[in-house]
2 protein chains.
Amino acid sequence: MASIRDVAKQAGVGVGTVSRALNGTGYVSPDTKKKIEKAVRKLGYTPNELARNLYRNRTGIVGVMVPDLDHPFFSCLAKHIEMELYRQGYKTMICNTIGISDREKDYLDMLDRNMVDGIITGAHSLDGEEYLKRKKPIVSIDREFGPGIPLIGSDHAMGGRMAAELLVKNGCRKVLQVSGVAPGVAAQERHSVFKQVMQEQGVETLDMVMDWNVFDWNAHYEGMEKFLGRHPDIDGVFGGDMAAIACMNAVLQKGIRVPEEVKIIGFDGMDVTRMVYPRLTAVRQNVQLLAELCVNTLLDLVEERKGVPHRQILDVEMQFGGTTL
Amino acid sequence: MASIRDVAKQAGVGVGTVSRALNGTGYVSPDTKKKIEKAVRKLGYTPNELARNLYRNRTGIVGVMVPDLDHPFFSCLAKHIEMELYRQGYKTMICNTIGISDREKDYLDMLDRNMVDGIITGAHSLDGEEYLKRKKPIVSIDREFGPGIPLIGSDHAMGGRMAAELLVKNGCRKVLQVSGVAPGVAAQERHSVFKQVMQEQGVETLDMVMDWNVFDWNAHYEGMEKFLGRHPDIDGVFGGDMAAIACMNAVLQKGIRVPEEVKIIGFDGMDVTRMVYPRLTAVRQNVQLLAELCVNTLLDLVEERKGVPHRQILDVEMQFGGTTL
DNA sequence: CTGTTAGCGCATTCAC
DNA sequence: GTGAATGCGCTAACAG
């Protein structure tokens, strides 16, 4: 493995000169530059980024934490975050927390060890204090940690209201809402707003609470089947894309018609809502924009730019499918 | 940021002693160990992994390249790879190549810069030579690069045969096969075997070729609609999960019944095949095992264990759904 | 058992 | 313009 010293020797110059020539910092005569380039080619020299990292005390790596990479929303989010980070010259280290707070903590620790320059977190199983005590940049999706940790998220309240109003307009009288347990996470807001609107309209609301970190398809489907057995008379459903689709399948399985007898609305609006038949009506998050904001906000912190907003909330929109009238 | 030297000074010992105490290498008297631990706590010392990386010339990071993170198969694969790497004490750096060979090359370059200890690649848009000239560990999924780069994959030939035989048994006479252009990739084998079996059985086969790196849902759906317009009389379809589902939707949209009039079989057998109604019959890959083999094989190379197999092919199995008889 | 020293490979002073 | 020297923080080899 050729080092910069080998190149210097080969070119008959000093290491400093090689460094300057290669990084374009400081003046180097065209003549010696040629010699250096030739030596580089001859030795097949590539700078060792580890040494550079140590010197700069930075790696150019950003950690991204999600509860489950194999989930329509988070895989889409991770994809767009990675693309935007790449575009800005950073690399992405990914972590599936799958609800295990130890994993979340392990990755946070990498901040202290300087392995990552910052972290974007969409995983929320770990205590907030663990986040607050870190000294390096962190950006959170959908969860308010407190000062120092900017929050990026969709307008869940708006989404909950839109879904509720659409179900009311569709004439629903008894609806199911599927939610997850996630303390302090903005997603909860859509459930409370949804419920409130329903109450105001005199529509009965039932709740089904799933473990926040269980994104497993079977768990959703089985839970839904059981629920339908106990409450066969619901005429509307609101839940995450996967819960909504699980519900749709369970309903169709029982020979109930969608949307005539049961209306269904999902939240997230990922590709999978367009893969089912009929297409799922869903409140759609702008995941790409969400990803870009996360990256830009985090890099503002990493590169110490001023005036980083603490709170950025994105509008959602209704994507009409065939599961509502 | 406290360094090891600060700890040594605080504890009134030498840096070597601190290093030994913290790493459990070499003997340290219980007494001085106490003092060191106390100093560590007092200063809130955390070892700087960058320095360690430089010394060891390793980072404990493995690069994972996939064409599209937001694709049912690759997101599932990436998830399981990350989990297995984590279990074995490594971190995962992810790369979406989205068909751009420059990105693939950029990440390969990280091997030379020592940013990653090895790479697992499921992305195949870049020329094979670029891979072969690297000196550090690489493991490939579904593509044969040549000596030095172990191949892990599913038995695509077996899958193609199983699908063909099932469609024949279902009485199909004119089938569509959706494939992707991917030179040298094992997935091609399932298409050739499928076609061959069909020919032997006197069943007509039509081909629809999608760009290998286009995993976009709309592209699939629109392509399928157009195809159905030209060939409304097909009675069987075989393609990746997404292509199969796109086909199913397009068919249902035209009021054609599945499986009575058209039988459909997917390849991959991811969760999404269970989200559609009826459930998609599909050839199922064992993604978790695939991921674990990739990780184990790569780490065998990284940690220089002997006798690493060059070729590991996993069986696939038929997952019966409601899109075949 | 423990302190000191010499690199790991690079970027950056500071003299020349 | 350029070379030599210094340090980033840590580990391992070497004297004590």
Side-chain angles (χ1 to χ4, degrees), chain A residues 1-40 43-61 109-117 135-136, chain B residues 1-40 43-61 109-117 135-136:
Chain A
M1 191 74 74
S3 86
I4 196 172
R5 206 137 41 209
D6 302 321
V7 175
K9 203 175 296 171
Q10 175 74 33
V13 300
V15 290
T17 312
V18 176
S19 176
R20 280 182 301 247
L22 264 42
N23 295 302
T25 159
Y27 299 97
V28 171
S29 84
D31 193 42
T32 58
K33 189 175 267 184
K34 291 280 178 231
K35 285 194 296 187
I36 289 172
E37 281 165 2
K38 190 172 153 198
V40 164
L43 297 173
Y45 169 74
T46 312
N48 183 343
E49 203 144 347
L50 303 187
R52 207 176 251 165
N53 286 347
L54 175 58
Y55 184 83
R56 306 199 173 165
N57 200 32
R58 299 202 8 202
T59 58
I61 300 176
D109 283 344
M110 287 192 205
L111 283 173
D112 301 333
R113 292 203 228 100
N114 300 311
M115 277 297 287
V116 294
D117 296 341
K135 302 209 160 76
K136 289 201 164 184
Chain B
M1 191 75 74
S3 85
I4 197 172
R5 206 136 41 209
D6 301 323
V7 175
K9 202 175 295 171
Q10 175 75 33
V13 300
V15 289
T17 312
V18 175
S19 177
R20 279 182 302 248
L22 263 41
N23 294 301
T25 158
Y27 299 96
V28 171
S29 83
D31 193 43
T32 59
K33 190 176 266 181
K34 292 278 179 235
K35 283 194 296 189
I36 289 171
E37 280 164 3
K38 190 173 154 197
V40 164
L43 298 174
Y45 168 74
T46 312
N48 183 342
E49 203 145 348
L50 302 187
R52 207 176 252 166
N53 286 346
L54 175 59
Y55 183 83
R56 305 204 167 139
N57 200 33
R58 301 203 6 200
T59 58
I61 300 176
D109 284 343
M110 287 192 204
L111 283 173
D112 301 334
R113 292 202 229 101
N114 300 310
M115 277 297 288
V116 294
D117 297 341
K135 302 207 161 77
K136 288 199 165 187

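Convention: sequence-line order gives letters A, B, ...; per-chain numbering from 1. Every heavy atom of this structure was used, including side-chain atoms; hydrogens, water molecules and symmetry mates were not.
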Quick check for you: to the nearest 0.5 Å, what is the distance between Asp117(A) atom CG and Arg58(A) atom CZ?
5.0 Å

Please round to the nearest 0.5 Å and tell me the distance separating atom CG of Asn48(B) and atom CE of Met115(A).
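Separation between the atoms: 10.0 Å.
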
Would you check if there is a donor-acceptor pair between the side chains of Arg113(A) and Asn53(B) at a distance under 3.5 Å?
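There is no such pair (donor and acceptor under 3.5 Å, judged by atom type) between the side chains of Asn53(B) and Arg113(A).
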
Go through the structure and list residues passing side chain to side chain contact (heavy atoms under 4.5 Å, CB included) with Ala39(A), not counting sequence neighbours.
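If we apply the side chain to side chain contact (heavy atoms under 4.5 Å, CB included) test to Ala39(A), skipping adjacent residues, the hits are Val7(A), Gln10(A), Ala11(A).
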
Which residues pass the side chain to side chain contact (heavy atoms under 4.5 Å, CB included) test with Lys136(B), sequence neighbours left out?
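Applying side chain to side chain contact (heavy atoms under 4.5 Å, CB included) to Lys136(B) gives Leu111(B), Asn114(B).
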
What are the atom names and distances for every N/O pair under 3.5 Å that joins the protein to nucleotides 1-4 of chain D?
| residue | atom | partner | partner atom | Å |
| --- | --- | --- | --- | --- |
| dT2(D) | OP1 | Ser29(A) | OG | 2.8 |
| dT2(D) | OP1 | Thr32(A) | OG1 | 3.2 |
| dT2(D) | OP2 | Ser29(A) | N | 2.5 |
| dT2(D) | OP2 | Thr32(A) | OG1 | 3.4 |
| dG3(D) | OP2 | Gly14(A) | N | 2.9 |
| dG3(D) | OP2 | Thr17(A) | OG1 | 2.4 |
| dG3(D) | N7 | Arg20(A) | NH2 | 3.3 |
| dG3(D) | O6 | Arg20(A) | NH1 | 3.0 |

Salt bridge (charged side-chain N to carboxylate O under 4.0 Å, His left out) with Arg56(A): which residues, sequence neighbours excluded?
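Partners of Arg56(A) by the salt bridge (charged side-chain N to carboxylate O under 4.0 Å, His left out) criterion come out as none, since no residue qualifies.
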
With sequence neighbours left out, the residues meeting salt bridge (charged side-chain N to carboxylate O under 4.0 Å, His left out) with Asp112(B) are Arg134(B)

Suppose the criterion is side-chain hydrogen bond (donor to acceptor under 3.5 Å, both in side chains): which pairs have a residue in residues 26-36 of chain A, not counting sequence neighbours?
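Found Ser29(A)-Thr32(A).
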
Nucleotide N/O to protein N/O under 3.5 Å, stretch nucleotides 8-10 of chain C:
| residue | atom | partner | partner atom | Å |
| --- | --- | --- | --- | --- |
| dC8(C) | OP2 | Arg5(A) | NH2 | 3.3 |
| dC10(C) | OP1 | Tyr45(A) | OH | 2.5 |
| dC10(C) | OP1 | Asn48(A) | N | 2.9 |
| dC10(C) | OP2 | Ile4(A) | N | 2.4 |

Terminal axes of the helix from dC1(C)-dG16(D) to dC16(C)-dG1(D) (5 end pairs apiece), angle rounded to 10 degrees, sit apart by 50°

Heavy-atom distance under 4.5 Å between the side chains of Asn57(B) and Leu50(A), does that happen here?
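A side-chain contact under 4.5 Å exists here.
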
Taken to the nearest whole Å, CG/Leu50(A) to P/dG7(D) is 22 Å

According to side chain to side chain donor-acceptor pair (under 3.5 Å), who are the partners of Arg5(B), at least two apart in sequence or on a separate chain?
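Partners of Arg5(B) by the side chain to side chain donor-acceptor pair (under 3.5 Å) criterion come out as none, since no residue qualifies.
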
